[in-house]
Amino acid sequence: MTVELMFARKLANQFWGVDGKITSLPGERDLNFKISGERTSVLKLYGDSPDNRVLLALQDRALLALSEKIPGIAPTPTPSSTGKTLVESEGRLLRVLSWIEGAMWAEADHVDRELIEMLGKTIARVDSVLATVKLSDEEKTTLNRPFIWNMLQVESIATWATKIPDDDLRILVLNLVEEQSRFSQRKLDSLPQQLIHNDANDWNIVVANKGLGLIDFGDIILAPKVVGLAVAGAYIAMKSPDPSKDIAHLVRGYHSISALSPLEVEILYDLVKLRVASSIANAALQLSNNPDNEYLAISQGDAPRTLKLLCESDSRLAHFRFRNSIGLDANPDSKAIRQYLLTQARHQSVVSPDIKSAPKVWIDWSVEAGQIPRTSAEIERVMRESGAAIGIGRYCENRAVYASDAFDASAANARTFHLGVDLWQEVGSPVFAPLGGELELFNDNATYLDYGPVVIVRHVTDNGNNFWSLYGHLSKKSLAEWTIGKKVKAGEIIGWMGDESENVGWPPHVHFQLLTDLCGMGIDVYGVAPRDEVSLWRSISPNPNLILGIAEGTDAHSRLTRDVVAAERSVVISRNLSLNFKKPLHIVRGSGAYLYDEEDRPYLDLVNNVAHVGHCHPRVVAAGERQMRTLNTNTRYLHQGITEYARSIISTLPQPLSVMFFVNSGSEANDLAIRLAHAYTGRTGAIALRHGYHGHTASVVEISPYKFLGKGGLGVPANTRVAELPDIYRGVFRGKDGVYSYLRQLDNVIEELGTNVGAFFAESIVSTAGQIVLPDEYLPRAFDAIRKAGGVCVSDEVQIGLGRVGETFWGFELHGVIPDIVTMGKPLGNGHPLAAVATTPEIASAFNNGMEYFNTFGGNPVSAAIGQAVFDVVEDEGLQHNATVVGNYLQDSIRALGRDYSIIGNVRGSGLFIGIEMMRDENTPATEEVSALMEYALTRGVMLSCDGPDNNVLKIKPPLIITKNDVDLFLNVLSEWLVKR
Ligand code: PMP
């Protein structure tokens, strides 16, 4: 052991009582040691200086705040025997920090998109805590001291850059720094500043089992948060063949935790370059002072190459990628250009005869099409047979035809999405400029399957935005007369369609494309987009039909891959619209009781009580289609559909429920129920069952204990009271007689509300509570008590109605009660947004108080036709009976399994609304096991869901057309899992 190590070990032991095997760790300025003992720690030694005292105390405060808010994301300072985290000893300052276990990022086997995104999230989480650290004036001054890793101090970077020995590199760095100080710095100065980590390099990121951690807070500064992101971006760039694409993942991750502004993403790429440049400048300075500091050499190897790559890559494309990754329109000018084109009169036709009126045929080259007319002869035949003058090939069509060396069809980033519109005609057909402009570029891109002879024309909007039109696959002669900068008039001939020999292998056509930017690619600008960057290219190269004006449309909207859809959804759809399963499914079609993913893998759907009569039931689809073709309008006119459908529903209800309202969702139905109750009783108080859920709008969240007492909930609202959930299996009162205790507790809340008892909301089998079947006497007595107190009783049948419970058509009928109001939803439209409220004439007339009730969509002719078809199918296919037969079979079979496997705690429900409560032992819910079972079943093609306060109840509520064979599939999978686990 060296003297230095022995000395360090002694200090750690003396002040912290820490001991163990000691090794030294690399460090730029400080001495760092790892001590592996009972608990692994890091000892850090610093020179004693006023700045260090201020900075280390601040670091410790920041680290303590991080440890408290996000344990494990950063090291925790360990108090010494004196209680302080910072110790002075013989002109040194010492600290001991906890060690974060894991591999360093630099050593990670595999850095992929997800890991980079996770890094973005980690930095954002750290920044969010650092932003809350209060700073004194002295600390601010110290943080702003001259510091080589402070990117805000561009002038110093310029000074150090003069030490770069390599001429080209020095000039590159100096130019960059100058550009930064002239353009970006002002923008940077306008952003708010906060404490940032400022050093997310590969040796400061720990890849741990649970997630990522950041270490080494020695470079903290006060700066806009985007500066810290740029530091991480610079190190991502060092390892990336396509830096801005990888940094975009970092940006997406960061933004998902801490929103970035358009200005922040605008300056990010420049800051990444600046960080790499400053690394090079600093290294030159440090190495000239201190030629053998190993640490400095660590990160320098890749920097010069990376800086060159970053500078050669188009900074606008990088900016577009960053914007796209946070859900913004990639090119900020694209909107104005699209608007310009949309507000102009239609343009000249690109081909003759006029494309708007000529007979056309759409030629499908999509991967889904299978056999495609690929040769000139085949295209000619299609055109001839259809009598079309022009063949149309669509925009954003996913094509397998790009199979030359330039396209690796198997890669995630394979270029397969067509960005132009193809216009097929005979060889030699003329191509016209649809609007005036100036010739920007022309060339013969003669590589097989490239553009062949191609022309790009620049146009300008009234507001001065440039945009471009591109014409590919022309004949060679088309290029003869062009010179760059030549004016092009609208209607002028651009060229002629080439044949296969000159247009590099395509049937004769023009590839017509609209571009809002050339992305530094010039004449090689993409005509086909990478399939993992389709939304990016949709913005850069919008649908050229904005110019062509083909009324039938040209956008193929080809299917994106699962990963792309997942990434897109994570930014453009709010994240609290949650997804099921660890690896969310990409479901592309449904049929009967099965859903199918993008690889056409079937999943037995035991979750979707919405697809009541089976996914995409042909009769329902046909009814909707037929009515959509005939009429769809609001309900202000007489229409037979709505009254007939109302009669159908009423015929299933007990008297006096005979007035219907049609609405669009279960939430809306319950909202209306609240209003009806209020109109009738004049009271605002409501009582709901614990764990009950009645919808997502403001008013119904207030009667949903599942929400207001759950995560993010605001507690019990003033006018609401919670009745205990009558769960006699695991609730507060258990056993058969428990029901009386629940009723007493209900009496208490009724008493609390006193003269304000307005409405009582309950499902008859409480779904979110874990499919709790209310005990026999509960509802009749509860309804009596509520009515005695002057309130009305609402049965929420959104989940369980329309024949699902088998024995009866509605759930409340299982209990022999007649509600005052019934709300219905999910199954009514088999997926079409249709919901309803049924009530008594008395309540309906109290509601008819002069204030008009108008609902734009509720009960429109299409909804009524669909609702009627679902209703008819339930009757015609005998689905209520099927619910009883198959449901009983399922319950009996599970109960039988339960005799061998004690984890099956309780099986309950009615018809095809079943709960299987899983228990580790009598008192411990099997939450993790249920989650593992769901993931396992998914791999075996069975889709399950769970609920209940402990998420330990499997909810079985499949389409009613499910068969015993389907149930057997589930039973096999469940048995497999029970045996295996
Ligand atoms: N009531 C109950 C019992 C529900 O389960 C739901 C939806 N899960 C709703 C109301 C709200 O329905 P929607 O999502 O259609 O607004």
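Counting convention: from 1, in listed order, for ligands and their atoms alike. The figures that follow rest on heavy atoms only: side chains count, while hydrogens, waters and symmetry mates do not.
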> Tell me, which residues have any heavy atom less than 4.0 Å from some atom of ligand 1?
Replying inline: S665, G666, S667, N670, Y693, H694, G695, H696, E763, D796, V798, Q799, K826

>> List the residues meeting side chain to side chain donor-acceptor pair (under 3.5 Å) with T924, not counting sequence neighbours, and say none if there are none.
In response: D921

>> For H691, give me all partners under side chain to side chain donor-acceptor pair (under 3.5 Å), at least two apart in sequence or on another chain.
In response: none

> Within a radius of less than 6.0 Å around CG of D776, do more than 12 heavy atoms belonging to other residues, nucleotides or ligands occur?
Replying inline: no

> Can a donor-acceptor pair be found between the side chains of R908 and N906 at a distance below 3.5 Å?
Replying inline: yes

> Quick one: side chain to side chain donor-acceptor pair (under 3.5 Å) partners of E807, sequence neighbours excluded?
Replying inline: none

>> Can you tell me if F857 has over 12 outside heavy atoms packed within less than 6.0 Å of its CZ?
In response: no

